[in-house]
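To start, the structure under review is shown below, and the notes come after it.
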Amino acid sequence: FMGPWKDMDPGHEQIDTVAHCGSTLKGDFIYTLNSTDVSTLWNILGAQWNKGEQATIENRNKIRKRLPIPHVHDHSDTGSEFINYSTFNWSKEIKIGLTRSRPNHKNDNAYVEERNGHIVRKYVGYIRLDCREAVEVLDNLFVVLNTYTNHFIASRKTVDNVRVGARYKRTYEKALTPYQRVLAHPKISAGVKEKLRLEHAKLNPAILLKEIEKLRSELYDVQRKHGSQIR
């Protein structure tokens with residue numbers, strides 16, 4: 001386990017998979033790979049068919065290309081899609097660090113776990129996605145969704161957590177978007193910041209939301225057309 005997470009430099013990613021299995025884990029279905037930068041909370045999602053070692057590595061490579069900042073480290077839970085020799089060899093080849101959470105300690109991966117619910121489940125839901133045709137549609141949805149959430153959705157980190165009697169008193173920092181966190185971070189290069197400023201200037205949150213709803217409808221249509229009747 002790598003910690004504490006406070007004051008971590010950019011490029012340290014917490015990663016996790018989300019199963020789009022509906023009410024049963026039987027059979028084949030789509031997984032989301034969720035990657036969240038601990039320092040800036042910049043979130044990248046990628047869709048994949050099942051969660052085999054190679055499928056997960058390919059998805060991680062795809063996510064790396066979408067990150068605006070250098071990628072130096074991944075921290076996962078103890079899932080078999082992350083803890084295997086293929087992943088170990090891949091990490092050595094691309095020179096990133098690997099650590100894992102302690103078994104049964106979800107708080108070790110709290111940043112990415114929060115976004116499993118706040119982003120993946122909020123916008124995709126708990127529907128079963130068990131047709132290959134839906135992988136590309138879901139991935140297209142994630143590109144637009146991540147643009148929207150990273151540039152326009154603010155969140156707060158806990159600064160202090162003190163027990164007072166039977167309760168805890170939490171102190172939070174000012175709410176910032178991941179985009180604002182990147183711009184404010186002294187260890188992120190001016191070139192990265194300028195590229196993001198240019199991208200941000202062209203974005204319209206209302207248009208992004210319309211595109212998100214369009215792609216969600218397309219995703220559900222594809223599942224209805226090609227997927228099983230299992231829910």
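The two residues Ile230 and Thr24 come nearest to each other via the heavy atoms CG2-CG2, 3.5 Å. Taking every heavy atom of both residues into account, Thr78 and Pro103 meet most closely at CG2-CG, 4.3 Å. Considering every non-hydrogen atom in both Leu219 and Ala134, the closest pair reads CD1-O, 3.7 Å. Of all the heavy atoms in Lys193 and Ala184, the pair that sits closest is NZ-C, 4.5 Å. Nearest heavy-atom pair across Leu98 and His73 is N-CD2, 4.0 Å. Minimum heavy-atom separation, Leu141 to Leu215: CA-CD1, 3.7 Å.
Tracing side-chain contacts under 4.5 Å through hydrophobic residues (I, L, V, M, F, W, Y), one never reaches Trp42 starting from Leu176; they form parts of separate clusters. Residues Ile119 and Ile127 are members of one and the same hydrophobic cluster, defined by side-chain heavy-atom contacts under 4.5 angstrom among Ile, Leu, Val, Met, Phe, Trp and Tyr. Both Leu203 and Leu209 are part of a single hydrophobic cluster, where members link through side-chain heavy atoms under 4.5 Å apart. In this structure, Leu145 is a member of the same hydrophobic cluster as Leu138, with clusters built from ILVMFWY side-chain heavy atoms closer than 4.5 Å. Using a 4.5 Å cut-off between side-chain heavy atoms of Ile, Leu, Val, Met, Phe, Trp and Tyr, with links allowed through other members, Leu33 and Val137 fall into different hydrophobic clusters.
Within the 4.5 Å cutoff, the side chain of Ile212 has heavy atoms near those of the Tyr123 side chain. Between Val120 and Arg115, the closest side-chain pair of non-hydrogen atoms is not below 4.5 Å. The side-chain heavy atoms of Val72 and Ile96, taken from C-beta on, include no pair separated by under 4.5 Å. Here the side chains of Val124 and Phe142 are in contact, with some heavy-atom distance below 4.5 Å. Looking at heavy atoms from C-beta onward, Lys92 lies out of side-chain contact with Lys95 at the 4.5 angstrom threshold. Looking at Ser76 and Ile83, their side chains come closer than 4.5 Å, going by heavy atoms from C-beta outward. Looking at heavy atoms from C-beta onward, Asn61 lies in side-chain contact with Arg64 at the 4.5 angstrom threshold. Contact check for Pro68 versus Lys195: no side-chain heavy atoms found under the 4.5 Å cut-off.
Formation of a donor-acceptor pair under 3.5 Å by the Lys62 side chain with backbone atoms of Ala47 is found in this model. Asn146 places a side-chain N or O within donor-acceptor distance of the main-chain N or O of Leu45, the cut-off being under 3.5 Å. With hydrogens and angles disregarded, no donor-acceptor distance shorter than 3.5 Å links the side chain of Asp9 to the backbone of Lys187. Side-chain atoms of Asp139 do not come within 3.5 Å of backbone N or O of Val135 as any donor-acceptor pair. Within the 3.5 Å criterion, the main-chain N or O of Leu25 finds no donor-acceptor partner in the side chain of Arg128. The main-chain N or O of Gly79 is found under 3.5 Å from a side-chain atom of Asp77 such that the two form a donor-acceptor pair. Side chain of Thr87 to backbone of Asn84: no donor-acceptor contact under 3.5 angstrom is found.
Distance NE2/His226 to CZ/Arg224: 12.0 Å, rounded to 0.5 Å. Taken from NE2 in His118 to OG in Ser155, the straight-line distance is 9.5 Å, to the nearest 0.5 Å. With rounding to the nearest 0.5 angstrom, the CG atom of Asn204 is 8.5 Å from the NZ atom of Lys210. With values rounded to the nearest 0.5 angstrom, Met8 atom CE is found 11.5 Å from Glu13 atom CD. Note that the OG1 atom of Thr147 and the CD atom of Glu199 stand 6.0 Å from one another [nearest 0.5 Å]. Taking CZ of Phe82 as the reference point, atom OG1 of Thr99 lies at 12.0 Å (rounded to 0.5 Å).
For residues 197-223, the ring pair (Phe, Tyr, Trp, His ring centres under 6.0 Å) pairs, not counting sequence neighbours, are His151-His200, Phe152-His200, Tyr179-His200.
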Using the side-chain hydrogen bond (donor to acceptor under 3.5 Å, both in side chains) rule, take Asp37 and Thr40 through it: C-alpha gap first, then chi angles, then the decisive distance, then the call.
CA-CA 6 Å; Asp37 182 70; Thr40 65; 2.7 Å; yes
Using the side-chain hydrogen bond (donor to acceptor under 3.5 Å, both in side chains) rule, take Ser39 and His185 through it: C-alpha gap first, then chi angles, then the decisive distance, then the call.
CA-CA 9 Å; Ser39 176; His185 205 290; 3.2 Å; yes
Salt bridge (charged side-chain N to carboxylate O under 4.0 Å, His left out) evaluation trace for Glu213 with Arg216
CA-CA 5 Å; Glu213 287 306 312; Arg216 285 175 69 188; 2.8 Å; yes
Using the rule given for salt bridge (charged side-chain N to carboxylate O under 4.0 Å, His left out), can you reason through Arg132 versus Asp28, listing the C-alpha separation, both sets of side-chain angles and the distance that settles it, and then say yes or no?
CA-CA 9 Å; Arg132 290 180 181 269; Asp28 298 318; over 6 Å; no
Test side-chain hydrogen bond (donor to acceptor under 3.5 Å, both in side chains) on Gln14 and Thr36 and set out the steps.
CA-CA 5 Å; Gln14 289 187 356; Thr36 301; over 6 Å; no
Check step by step if side-chain contact (heavy atoms from CB on, under 4.5 Å) holds for Trp5 and His75.
CA-CA 11 Å; Trp5 293 107; His75 180 85; 3.5 Å; yes
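Checking Asn43 against Asn150 by side-chain atom types alone, no donor-acceptor pair falls below 3.5 Å.
A salt bridge links Asp74 and Arg60; the closest N-O separation between the charged side-chain nitrogens and carboxylate oxygens is under 4.0 Å. The residues Glu194 and Arg197 are annotated as salt-bridged, a charged nitrogen and a carboxylate oxygen being separated by less than 4.0 angstrom. Using a 4.0 Å cut-off between a side-chain N of Lys or Arg and a carboxylate O of Asp or Glu, Asp108 and Arg100 do not qualify as a salt bridge. For the pair Arg231 and Asp130, the salt-bridge criterion is not met [side-chain N within less than 4.0 Å of a carboxylate O].
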Listing, residues 15-23 side-chain donor-acceptor contacts under 3.5 Å, not counting sequence neighbours, or none:
from	atom 1	to	atom 2	distance (Å)
Asp16	OD2	Asn116	ND2	2.8
Thr17	OG1	Glu81	OE2	2.5
His20	NE2	Thr32	OG1	2.6

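Listed by chain and residue number, Tyr31 satisfy the ring-ring contact (aromatic ring centres under 6.0 Å, His included) test with Phe29 (two or more places apart in sequence, or in another chain).
The neighbour count for Glu133 CD, taken as heavy atoms of other residues, nucleotides or ligands under 6.0 Å away, is above 12.
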